[in-house]
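Step one of this worksheet: look at the structure below.
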Protein chains: 2
Amino acid sequence: MGTFPFHRHAAMPRTTPHRATILQVAREAGVSKTSVSRYFSDERARLSRDMQSRIASAARRLSYHPNQMARGLKGGRSQLIGMLVADIRNPFSVAVMHGVEQACRERGFSLLVCNTDNDPAQEREHLALLASYRVEGLVINAAGQPSRELRALAAQGTPLVLLDRMLSDFEADVVGLDNTQTIDMALDHLRQQGYDNVLYLSEPVAQASSRQARLKHFEQRLADDPTLRGEAHSLALAEDNRLQDVIAGFLSQASGSAPAILCGNGNVTLAVAHALQARGARLGEIGLLGIDELEWCNLVGPGITTLAQPTDAIGRAAVHNLLQRLEEPQRQAPPKRTHYQARLILRGSTCRPNTPDQYDSVSQERP
Amino acid sequence: MGTFPFHRHAAMPRTTPHRATILQVAREAGVSKTSVSRYFSDERARLSRDMQSRIASAARRLSYHPNQMARGLKGGRSQLIGMLVADIRNPFSVAVMHGVEQACRERGFSLLVCNTDNDPAQEREHLALLASYRVEGLVINAAGQPSRELRALAAQGTPLVLLDRMLSDFEADVVGLDNTQTIDMALDHLRQQGYDNVLYLSEPVAQASSRQARLKHFEQRLADDPTLRGEAHSLALAEDNRLQDVIAGFLSQASGSAPAILCGNGNVTLAVAHALQARGARLGEIGLLGIDELEWCNLVGPGITTLAQPTDAIGRAAVHNLLQRLEEPQRQAPPKRTHYQARLILRGSTCRPNTPDQYDSVSQERP
DNA sequence: TTGTAAGCGTTATCAA
DNA sequence: TTGATAACGCTTACAA
């Protein structure tokens, strides 16, 4: 695929589905195109009763739907928001997407979703595509460096909102978690539960600013607090053995302490849960706290304590910011950071066995 | 929202992002619109070397992207496939969607995804929307009766593929699981493991043909095989107590037998896992087998045995069927049923404790 | 209140 | 191998 991947697919001869046009409706109703157009716009009120009903029934008879392509072409408004998702099979991404979609619909926009599977090439391809559909704004949850395509879009004035991660050397609104505070909540909770030796595990930090922020603040806390032991690792989850090794290494040095593992996101939590199960470890004895809530967290052992992100709010905020920029005459407002608080969901994995059973895994949970 | 929900959103005065048009590129390159158009179509080869490079660099300088809206308007080809998803937070739906999206991209189409949250009103609204974008085909995984909108789309000749469920009184291609065979696999496996008393649990059967088919075949098997005890229930999972009651009722009558629960889909598996945990039941002692594989299935107790659907293949097949119809001159080919086999993933939840431990929960698993 | 006509960015049909 | 021009279905001045 070349730089401009815009070849159409090899021509397919085919009969186009027959769809009524505004002209046909106009004829059927015995009125002008303009009136029909008005009927389907926000000027409907300016039509006479009679006209309205004639158009309505004609349109219904022909099951007419205004062609958004033509509308978008004429008015420059596609009514489309694009969303780039790094991994559509990640429950967190889907949950945010749900919020994005709802907000879009409420505001009269539709959502064009593209999944990049964390592949920069796909990301570029999709961005070109979204540009070609003239999306009016873009919600981006993507991997890697900002591509040429993304910069071009931004330069053209397409409003952009980044989810969860900033991009280096790239100005745009960002919506996500308050990473510093989240790490604080996590460590405060673990301390309070009696854990004094914490392993922080993250997916590769690379270009993902939120992962960087979490990792950095974790290390900061470690440095600031002499009574807290711990270490941090960032690793690719695909290398299964690596994770086992890291955990084994951590635990082997943990004698005499109360060890806990803090997972940087839902993927890590899943992988760590597998790893701990493979070791036959008992949750609680080894503390486990995951960032991101997952539907199965209270099914595993005594339940896994999590810090839930307000995914719906994040998605909605992204759209909100987008539309705000869209409405602004001057687009030059400085990039806006919207940060949300995580919510602690207490379960058994952060209850030390010898501690009085302060947190019952079921009753304390507020879903 | 009226019958024709096509009002545009209240006008927002705004500066449109500046995007280059074909005319600007033509001028910049000192050639005609037509040549530029050809460059970006499959006629590129017919342009001279010189012309090609001039257009390429002009386009790059202006970061030009052909306007799909205009293309779609002119040629009637939107290059868009629509997908209606009943519940986007359902991992099964997302997995299928992933396959759909990949197949679309490979064939040069983009995917417009609409989530209905199982709401018929939203379904109708989204269908109208998809129609207005002139999607060339529709992949539908939706609840309820075929709506007027859906019938209209079908009548206009838009190719449709139904996922997982047929719609009563509505002809269309269907892609999904071989429900009969899946139930057979499930029961054969449970029998073989020594379970002789099976509770089948399904979400409400209502309009979902696949749920009906599974339930019906389960009852058939029960009727055919006098050595097999069991019962079937279809219930809404939201009513949490109902599920507990059904399970309690089943187990209270199960003394002297080896009871197992068969879950009709992933949602049911999740709910049942919760319910069994709340009862303090031990998996395996009570057998548990779920249709649909979920990422957390081997984390719960001894692991939950599942029958995995080939989600990717299902998604791809849906697109394949769609495009096939699109290419056919005569669209009247009879509806096509594409059925896939489930794959059994053995884990501890279908290992009876007193049985020799034939299936080790980890090593038998092929992910 | 209604209608006429121009034009949005592209491709298709011709002609050169 | 190239280019001029007429659509595509719609909205939007501007007229009536």
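Letters A, B, ... mirror the listed sequences (proteins, then strands); counts begin at 1. Computed from a prediction, not measured in an experiment: that's the story for all the values here.
- When rounded to the nearest whole Å, the span between CZ of B:Arg44 and C1' of D:dT2 equals 17 Å.
- A donor-acceptor contact under 3.5 Å links the side chain of B:Thr34 to the base of D:dA4.
- The distance from atom CZ of A:Arg38 to atom P of C:dT4 is 12 Å, rounded to the nearest whole Å.
- In terms of the side chain to side chain donor-acceptor pair (under 3.5 Å) criterion, residue partners of B:Gln324 (sequence neighbours excluded) are, by chain and number, B:His320.
- If you measure from atom CZ of A:Arg77 to atom P of D:dC10, you get 18 Å, rounded to the nearest angstrom.
- Between the side chains of A:Thr158 and B:Arg19, at least one donor-acceptor pair of N or O atoms lies under 3.5 Å.
- If you take OH of A:Tyr133 and P of C:dC8, they are 22 Å apart, rounded to a whole angstrom.
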With the criterion being N/O to N/O and under 3.5 Å, what pairs connect the protein with nucleotides 7-9 of chain D, and how long is each?
residue, atom, partner, partner atom, Å
D:dA7, N3, B:Lys74, NZ, 3.0
D:dC8, O2, B:Lys74, N, 3.4

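- Considering only the side chain of B:Met51, D:dT2 comes nearest among C:dT11, D:dT2, C:dG3.
- Annotation for A:Arg46: atom CZ does not count as buried by contact number, only 12 or fewer foreign heavy atoms lying within 6.0 Å.
- Listed for the A:Ser132 side chain is no donor-acceptor partner under 3.5 Å among the backbone atoms of B:His65.
- When only modelled atom types and interatomic distance are considered, A:His126 and A:Asn115 share no side-chain donor-acceptor pair under 3.5 Å.
- Look at B:Ser35 and you'll find a side-chain N or O under 4.0 angstrom from OP1 or OP2 of D:dG3.
- Under 3.5 Å, the side chains of B:Gln122 and A:Arg105 contain a donor-acceptor pair of N or O atoms.
- Counting any heavy atom pair closer than 4.0 Å across all strands shown, B:Ser48 reaches sugar-phosphate atoms only and no base atom.
- Proximity of A:Ser37 to the phosphate of D:dC10: no side-chain N or O atom is located under 4.0 Å from OP1 or OP2.
- Atom-to-atom, OH of A:Tyr39 to P of C:dT2 comes out at 13 Å; the value is rounded to the nearest Å.
- Taking atom CD of residue A:Glu43 and atom C1' of nucleotide D:dT11, one finds them 9 Å apart after rounding to whole Å.
- By the neighbour-count criterion of 12 heavy atoms within 6.0 Å, atom CD of B:Glu171 is sparsely surrounded, having that number or fewer from other residues, nucleotides or ligands.
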